[in-house]
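Data block below; observations after.
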Amino acid sequence: MNETDKPASLNFIEEIIEEHLKTGKNDGRVHTRFPPEPNGYLHIGHAKSICLNFGLAKKYNGLCNLRFDDTNPSTEDIEYVDSIKEDIHWLGFDWAGREYYASDYFQQLYDWAEKLIMIGKAYVCDLAAEEISEQRGTPTRPGKESPYRNRPVEENLDLFRRMKAGEFPDGSKVLRAKIDMASPNMHMRDPILYRIIHEHHHRTGDNWCIYPMYDYAHGQSDSIERITHSICTLEFEVHRPLYNWFLDTIDIYHPQQIEFARLNLSYTIMSKRKLLELVEGKYVSGWDDPRLPTLSGLRRRGYTPEAIRFFAEKVGVAKRDNVIDVALLEFSIREDLNKRAPRTMVALNPLKVVITNYPEGKTEEMEAVVNPEDPSSGTRKVPFSRELFIEREDFMEDPPKQFFRLFPGNEVRLKYAYIIKCDKVIRDTGTAEVTEVHCTYDPESRSGMSGSNRKVKSTLHWISARHCIPVEVRLFDRLFIKENPDEVEEGKDFKSNLNPDSLKVITGCADPAMDEVKPPDKFQFERLGYFSVDPDTTAEKPVFNRVVSLKDSYGKVKN
RNA sequence: UGUCCGAUGGUGUAACUGGCAACACGUCUGACUCUGGAUCAGAAGAGUCCAGGUUCGAGUCCUGGUCGGACAACCA
C-alpha cells in the first residue's frame, strides 16, 4: 500500500468517533459493547455487529465488552450464552474478562426505579396488558392516560416494593415511566419499566420476580459500563429518545446510541424467530446445519473466521437497508481457502477409465503439488494404475463444440500423470448407460517428461480405482430458491421457498491419504471446490462438506 | 393521518465535506495456465429518486414532492 494514497474513507460511525476524539469527548476513550440476548444462536448478521464493535475498539485503542441482555428469564437459557461465547471467540475476538450481564445490574436498576418513583417520573399501573396496549393508541392516534397515572409517590413506592417482594401474580401490575401519552413517538407513551415474572433466571435464580424491560435496562447498563458509543441496529432508532430520557432523568453518565443497518443476505433468512422455526420444525438438522447462516452452521460448513471477518469488512456500514449478494460471502471464503487449502483429487461421480496399454498390476507414484498458491506447501504422492476413476461429467460421448474434456478420439491430460486418448465406450446392455471408457496413454507424456509439453485442451482430475477410498460428501445448495425468501404468495410463508435440493449426499472416490483427515480440515478437491471435514467423520468413513464450489466458466456456457 | 430514518451502476460501499462519480462483488472480453480455478490485462454498466432554487459550479446546501423502511410485546 502506498502511504501517499488518500486515507481509507471512514464509515459514518468512525466519523462520529473521530469527531469525538477531536473534541475530547469521553476523554478520548472509545468503549463499545456487543449485547446479545441469550435466546438464540448467533448468525452472520451478528458477525457484522461483532466485527464492528470489537473492530472499532481495536482501531481506536479502546475496549469492547460482552454483555448479555438477559432481562427476560422466560426465553433465555444458559445453552445460548455458551454458544454465543464460543462463536465470538471462534470469530477471533476476546472481551478479556469483561463479560457482563444486565442481570448483574438488577439491584442498581431497581434502585434507580425507586428514584424515578420518588421524583414523580414513574408509577405502578394495575391495568391489564390488553388495556395498556389499547390505551397506548396508535402511531397516528394519541393514547389515553392510565387511571393509575397520578397515584401518590408513597403508594407507588409501597406497591413497587410489594411487587418486588412477590405479593402479586404475573401480569397484575407493572411499573411505568410517566412521560407523555400523546407523544408522536409510541415509545414515549408511558413505557413499561418492570413487569412481574415469577420465573427462575439462569443467573439470579429466584432472587427476583420483577424484571426490567429492554429499554429500561439497556441504556443504564451502557452507562454503568461507561460505554461511549452504544451501537445498535436501525429498529432501535425510534427508541433513542427514550434511551436518552432515562439517562437524563436518572441523571447519570450518558453514552451515545448510534444505529446502523443490519445485514441481510440474499437467498437466506436472518430472523431469529424463523431460524428457530427451521430448527424446531426439523427442516434442518440443527442450529449448526451447514446450510444455515448461523455462525455454528457456517463453521461446520467450512467457513473460516478470516473469511467472515473479511466479508464483514467488505459489506460496509451505513444506514440504508441492504441485501448483500451471497456471491460476496462465497468470494470471501474462496479467497481465503485458495491460499491455504491443500489440494487433493476426488471423483464425486466416478466413471471408470481403463488404460488398455498400461501394464496390469503396475503402480506409479505421481508427484503432485500440495498447493500451487503456497510454494512452501511441498508435494504429495498420488498412486496411478491401469484402472482409474474420473469425473463422469468430464466425459461425453457426443459433446458440443465447447466441450474440451474427454470424448471419443480426444486427448486430455490426467493431472500430474499422463496424456490419454479415448478409444472406446462401454455401455450397459440394459440401461445403455456408459459404464467404462477405454483409453490408451502416451508413455512419454508423464508430467515432467518432454512428451508432456504437448498442448492439450483439458486437464482432468482422477483417482486410482485400486487405491481409492470411499468418502461421504455432502453437497449443499442455497437453502431457499428465492433471493428474498419472504416473498411468497398469499397464505404461504417463507418455508414454501425452501429449496428441496439444498442437500445432496453422495459417495465419492478419494485419495487414500484422505483416510486420516479430521475436522475441521479443509481441502480443495481439484477442479471441484473447497471441502471441509465434518464432525460426523469416523475412522471408517470420512465425511466432507462442500463449502463452496470453484468458479466454473464452463458451467455458464453449458446453461 | 403521526414520528423517525433512508434514497448513488445488477449488489454493496465511497466521493478530501460545493469542483467534472471511485472501489469491491457480479457480468463480459483477452492473455497465461498440467485446476474451464488462480493470476494478469481490459470492457460494459449509474450522471447520483423527482421538480424547483442558491451558486461560476450541487450527489453534496435550501424548498416542495415521490418512493422505501422502522415504530402500536408486560420481546430484545
Side-chain angles (χ1 to χ4, degrees), chain A residues 6-11 15 35-37 39-40 69-72 74-76 125 127-129 132-134 136-143 170-176 183-189 191-197 211 213-215 217-218 232-241 259 261 266 272-273 314-325 327-332 334-335 338-339 343 345 368-369 372-373 402-405 412-417 419 447-448 452-453 456-461 524-529 549-557:
Chain A
K6 275 191 269 184
S9 62
L10 305 175
N11 65 50
E15 271 175 16
E37 183 190 12
N39 70 343
D69 238 323
D70 56 348
T71 56
N72 186 358
S74 41
T75 56
E76 295 154 6
C125 180
L127 255 24
I132 289 182
S133 123
E134 215 173 278
R136 189 160 5 239
T138 71
T140 55
R141 215 182 324 280
D170 287 9
S172 59
K173 285 179 168 40
V174 291
L175 182 73
R176 293 229 251 169
S183 169
N185 182 337
M186 297 289 292
H187 297 280
M188 300 300 273
R189 323 243 262 228
I192 293 170
L193 272 50
Y194 274 90
R195 70 300 208 187
I196 302 171
I197 304 175
Y211 290 91
M213 297 286 289
Y214 164 85
D215 284 308
H218 200 92
C232 61
T233 46
L234 248 33
E235 66 269 29
F236 292 102
E237 208 153 23
V238 212
H239 295 238
R240 196 183 337 128
E259 312 84 11
S266 60
K272 268 194 198 176
R273 197 208 90 222
K314 286 298 175 195
V315 142
V317 180
K319 295 194 72 163
R320 77 183 84 144
D321 294 325
N322 60 81
V323 181
I324 308 294
D325 192 338
L328 183 62
L329 220 211
E330 296 176 345
F331 167 77
S332 305
R334 284 194 191 105
E335 191 76 346
N338 176 47
K339 291 189 208 91
R343 318 277 127 132
M345 296 194 285
V369 177
E373 304 293 321
Q402 288 279 44
F403 189 82
F404 307 149
R405 283 111 96 151
V412 297
R413 185 190 307 277
L414 294 179
K415 185 147 187 166
Y416 306 123
I419 293 174
S447 295
S452 70
N453 292 333
V456 180
K457 268 284 206 178
S458 180
T459 299
L460 307 188
H461 61 279
Q524 183 196 97
F525 291 2
E526 297 210 49
R527 303 207 308 131
L528 297 174
S549 63
L550 250 31
K551 277 173 69 174
D552 176 15
S553 49
Y554 173 67
K556 279 171 197 155
V557 339

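In the text below, chain A, chain B and the rest are named by the order of the sequence lines, each starting its count at 1.
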note = The answer to which of Pro139(A) and Glu237(A) contacts RNA chain B further toward the 5' end, by nearest nucleotide, is Pro139(A)
note = On RNA chain B, more 5' by nearest nucleotide between Leu528(A) and Arg195(A) is Leu528(A)
Taking atom [atom1] in both [N] and [M], what distance in whole Å separates the two?
| N | M | atom1 | answer |
| --- | --- | --- | --- |
| rU48(B) | rG36(B) | C1' | 38 Å |
| rA22(B) | rG45(B) | P | 13 Å |
| rU66(B) | rG10(B) | C1' | 23 Å |

How would you label the contact of [X] with the nucleic acid (heavy atoms, under 4.0 Å): base, sugar-phosphate, or nothing?
| X | result |
| --- | --- |
| Glu373(A) | base |
| Val315(A) | sugar-phosphate |
| Val317(A) | sugar-phosphate |
| His187(A) | sugar-phosphate |
| Arg141(A) | nothing |
| Phe236(A) | base |
| Ser553(A) | sugar-phosphate |
| Arg343(A) | base |
| Gln524(A) | base |
| Leu550(A) | base |
| Pro36(A) | nothing |
| Ala129(A) | base |

Which listed nucleotide ([options]) is nearest to the side chain of [X]?
| X | options | answer |
| --- | --- | --- |
| Thr71(A) | rA76(B), rU17(B), rG37(B) | rA76(B) |
| Tyr214(A) | rU35(B), rC25(B), rA76(B) | rA76(B) |
| Gln402(A) | rG36(B), rA73(B), rG2(B) | rG36(B) |
| Phe404(A) | rG36(B), rU35(B), rC74(B) | rG36(B) |
| Asn322(A) | rC74(B), rC75(B), rG12(B) | rG12(B) |
| Val238(A) | rC71(B), rG37(B), rA73(B) | rC71(B) |

message = Within the 3.5 Å criterion, strictly below it, is a donor on Asn185(A) or Ser183(A) matched to an acceptor on the partner's side chain?
response = no
query = Is there a donor and acceptor pair, one atom on the side chain of Arg320(A) and one on the base of rG68(B), closer than 3.5 Å?
reply =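 Answer no: no donor N or O sits under 3.5 Å from an acceptor.
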Ranges pairing with ranges for RNA chain B, where each run has three or more Watson-Crick or G-U pairs under 3.5 Å =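 So far as stems of 3 or more pairs are concerned, RNA chain B shows B:2-7 with B:66-71, B:10-13 with B:22-25, B:27-31 with B:39-43, B:49-53 with B:61-65.
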inquiry  = Main chain of Gly555(A), side chain of Asp552(A): is a donor-acceptor contact present, judged purely on distance under 3.5 Å?
reply    =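 Here the side-chain-to-backbone pair exists.
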